[in-house]
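Below: one structure, written as structure tokens.
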Amino acid sequence: MAEKQSNEPLIDSDKLIFGIGQVQTITGVSGRQLRYWEEQGYIAPIDQQKGTQRQYSMHMLFLIFHIQRYLKQGFTLQSAVERARQFDRQIPVLRTFLKNQFNGVEVEDDKSVIDFGYKDDTHQQRVYGVVENDRTHFLIKDIDETSK
DNA sequence: TTTCTGACA
DNA sequence: TGTCAGAA
């Protein structure tokens, strides 16, 4: 099996730009709301000159999407923004962790196993994430020095 | 056609 | 927040 699949050529998310029309279609947030949120300092388009058409990064699109999700759940705009921002701060952390720990996943019909690499620098145990249907759990295996 | 700003039955 | 106007 292939050991390393250095996944570098991912899409530059910074190059994915959306106009206010696309943002409305994707997130369901009206242009009027987007301009109001911007006026309140909650969101910001990509730096552009005044009077020109707004452009939003994919990152901002996600933020807008989450603000709207919390809004639908009944939160006020202010608290929805707070929660969206908190969530936003967690993404880079998860990304870094997965980037360093993810070592591939074996997909099977009834059960799939995610390889999270060694438990620590001692390299004596390996951690796996097991996915069965909708249930998940961790699995730690001891590494026997004799094989491989 | 779409978006921008400002205003308000 | 929606919607309408007048301009770009």
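In the text below, chain A, chain B and the rest are named by the order of the sequence lines, each starting its count at 1.
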Residue set satisfying salt bridge (Lys or Arg N to Asp or Glu O under 4.0 Å) with A:K72, at least two apart, ordered chain then number -> none
A:E38 meets the salt bridge (Lys or Arg N to Asp or Glu O under 4.0 Å) criterion, sequence neighbours left out, with A:R54
The remaining residues in the hydrophobic cluster of A:F87, counting side-chain heavy-atom contacts under 4.5 Å among Ile, Leu, Val, Met, Phe, Trp and Tyr, are A:Y70, A:F75, A:I91
Side chain to side chain donor-acceptor pair (under 3.5 Å) pairs touching residues 55-67 of chain A, sequence neighbours excluded, are A:H59-A:D88
Here the side chain to side chain donor-acceptor pair (under 3.5 Å) pairs for residues 90-101 of chain A, sequence neighbours left out, are none
All heavy atoms of A:Y42 vs all of A:R85, minimum pair found to be O-NH2, 3.4 Å
Under a 4.0 Å heavy-atom criterion, DNA chain B is touched by chain A from B:dT3 to B:dA7
Tabulated below should be each protein N or O lying under 3.5 Å from an N or O of nucleotides 3-5 of chain C; please produce it.
| unit_1 | atom_1 | unit_2 | atom_2 | d |
| --- | --- | --- | --- | --- |
| C:dT3 | O4 | A:R32 | NE | 3.1 |

Please tabulate, for the side chains in residues 16-32 of chain A, all donor-acceptor contacts under 3.5 angstrom to protein atoms that are two or more places apart in sequence or on a different chain.
| unit_1 | atom_1 | unit_2 | atom_2 | d |
| --- | --- | --- | --- | --- |
| A:Q22 | OE1 | A:G19 | N | 3.2 |
| A:Q24 | OE1 | A:G31 | N | 3.1 |
| A:T25 | OG1 | A:G21 | O | 3.1 |
| A:T27 | OG1 | A:V23 | O | 2.6 |
| A:T27 | OG1 | A:V29 | N | 3.2 |
| A:S30 | OG | A:Q33 | N | 3.1 |
| A:S30 | OG | A:Q33 | OE1 | 3.2 |

Any stem touching DNA chain C, meaning at least three consecutive Watson-Crick or G-U pairs under 3.5 Å, ordered by first number, would be B:2-8 with C:2-8
Of A:Q125, A:K119, A:Q124, A:R126, the one forming a side-chain contact (heavy atoms from CB on, under 4.5 Å) with A:I143 is A:R126
The side-chain contact (heavy atoms from CB on, under 4.5 Å) partners of A:E132 (sequence neighbours excluded) come to A:K111, A:V130, A:H137
Any side-chain heavy atom of [X] sitting closer than 4.5 Å to one from [Y]?
| X | Y | result |
| --- | --- | --- |
| A:D115 | A:V105 | no |
| A:I64 | A:F62 | no |
| A:I43 | A:I67 | yes |

Applying a 4.0 Å non-hydrogen cut-off, can you work out what A:R35 is touching in the nucleic acid: base, sugar-phosphate, or nothing? base
In numerical order, the residues of residues 61-72 of chain A whose heavy atoms come under 4.0 Å of DNA chain B are none
DNA chain C nearest-nucleotide lookup for A:Q53 and A:L77: closer to the 5′ end is A:L77
Contacts of A:Y118 meeting ring pair (Phe, Tyr, Trp, His ring centres under 6.0 Å) (sequence neighbours excluded), chain-then-number -> A:H123
